[in-house]
Amino acid sequence: MHSMGLPGAEDYGFTRLWLLRHGETEWSRSGQYTGLTDLPLTTEGEEQARQAGKTLDGVEFGLVLTSPLQRARRTAELAGFPDAELEPNAVEWDYGDYEGVRSADVRKQNPGYLIWNDGVPNGELLTHVGDRADRIVERVRTSGHENVLVVAHGHFCRILAARWLGLPATEGRHFILGTAKACRLGWDKRTPAIEAWGL
């Protein structure tokens, strides 16, 4: 029996899921929550994306998926994956009233605020983000490919990693992922595991 109903290695083979966070945007640099606002990469972000391509060079991906938002699509393109398939489930958390707001400013009003515990007013529930991540995990594990790449967003990648491991979406809090950093999720024998993080 698998934790929280996700398919495991013995069901669907041993596909590895690689995650790549998009490069820097103006708001990622300033610490503003960026959900569905469709910001472009900065010049630095574009260079980060090119460097990420070097990190992933030599890996054969049977499937490459990207969030439809331009910061992810452009990162995929510059990293060497211009034909990445758009995956609507890979968009970032919808931050509702906190879209464009700095987390530091939220904590000035509410010192105990933590997005993982408190969520976002008039935004997407964390459990819903976790459900979207589950749909990607299932798609990846049933894909039949050795390696699948998903180009997406900071919080979403962290939640996706938690769900790969069979942990609740809230446990994404433990996985920090910088702009244009990659990680590899795979297996320890038959147990979902993190093989590499922050490449």
Side-chain angles (χ1 to χ4, degrees), residues 2 6-25 28 38 40-41 44-93 129-167 172 175-199:
H2 308 304
L6 289 171
E10 66 274 21
D11 297 319
Y12 299 123
F14 292 90
T15 302
R16 286 186 170 92
L17 171 57
W18 296 69
L19 304 179
L20 174 61
R21 184 184 174 191
H22 64 76
E24 180 193 79
T25 67
S28 69
D38 203 8
L41 297 179
E44 173 64 20
E46 294 203 343
E47 181 55 32
Q48 290 175 347
R50 291 185 190 96
Q51 291 301 315
K54 295 177 183 175
T55 300
L56 298 172
D57 190 39
V59 182
E60 296 265 339
F61 292 106
L63 178 64
V64 179
L65 304 173
T66 181
S67 160
L69 297 169
Q70 66 170 315
R71 58 192 185 272
R73 285 188 288 112
R74 183 69 173 146
T75 297
E77 179 184 348
L78 292 172
F81 307 100
D83 299 321
E85 180 184 333
L86 301 186
E87 171 49 80
N89 285 312
V91 295
E92 182 60 294
W93 194 344
V129 186
D131 289 343
R132 292 196 282 110
D134 284 353
R135 289 193 281 274
I136 291 177
V137 169
E138 182 160 14
R139 180 176 182 186
V140 168
R141 290 189 184 169
T142 58
S143 70
H145 297 298
E146 186 176 345
N147 292 289
V148 175
L149 173 64
V150 174
V151 184
H153 309 274
H155 273 139
F156 186 75
C157 285
R158 296 166 67 180
I159 292 162
L160 189 50
R163 296 304 298 134
W164 177 269
L165 299 173
L167 300 172
F175 308 112
I176 295 172
L177 191 62
T179 51
K181 292 297 183 181
C183 51
R184 186 174 73 245
L185 309 179
W187 305 91
D188 177 17
K189 307 294 190 293
R190 296 183 175 276
T191 302
I194 293 174
E195 295 183 353
W197 192 267
L199 299 170

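- Here the side chain of Glu60 pairs no donor or acceptor atom with the backbone of Asn147 at under 3.5 angstrom.
- Within 6.0 Å of the CD atom in Glu146, the count of heavy atoms belonging to other residues, nucleotides or ligands does not exceed 12.
- No donor-acceptor pair closer than 3.5 Å links the side chain of Trp18 to the backbone N or O of Val151.
- For Glu85, the side chain to side chain contact (heavy atoms under 4.5 Å, CB included) criterion is met by Leu63, Leu65, Arg139, not counting sequence neighbours.
- Only one option out of Gln48, Glu24, Arg71 pairs with Thr179 in a side-chain hydrogen bond (donor to acceptor under 3.5 Å, both in side chains); it is Gln48.
- Proximity of Leu86 to Thr66: side-chain heavy atoms (C-beta onward) are separated by under 4.5 Å at one or more points.
- Considering only residues two or more places apart in sequence or on other chains, Asn89 meets the side-chain hydrogen bond (donor to acceptor under 3.5 Å, both in side chains) condition with Glu87, Arg135.
- The side-chain heavy atoms of Phe156 and Leu160, taken from C-beta on, include a pair separated by under 4.5 Å.
- Take Glu46 and apply the side chain to side chain contact (heavy atoms under 4.5 Å, CB included) test, not counting sequence neighbours, and it matches Leu41, Arg50, Arg74, Leu78.
- Ala196 pairs by the side chain to side chain contact (heavy atoms under 4.5 Å, CB included) definition with Arg184, Leu199, not counting sequence neighbours.
- A donor-acceptor contact shorter than 3.5 Å links the side chain of Arg21 to the backbone of Leu177.
- Applying the ring pair (Phe, Tyr, Trp, His ring centres under 6.0 Å) test to pairs two or more places apart or on separate chains, none has a residue in residues 130-152.
- In this view, Phe175 and Trp197 satisfy the ring-ring contact (aromatic ring centres under 6.0 Å, His included) rule, not counting sequence neighbours.
- Considering only heavy atoms from C-beta on, Pro192 comes within 4.5 Å of Trp187 through its side chain.
- For Ala79, the side chain to side chain contact (heavy atoms under 4.5 Å, CB included) test picks out Leu20, Phe81, with sequence neighbours left out.
- Proximity of a side-chain donor or acceptor of Arg141 to a complementary backbone N or O of Trp164 within less than 3.5 Å is detected.
- A distance of 12.5 Å separates CD1 in Ile136 from OG in Ser143, rounded to the nearest 0.5 Å.
- Scanning for ring-ring contact (aromatic ring centres under 6.0 Å, His included) contacts around His153 gives His22, with sequence neighbours left out.
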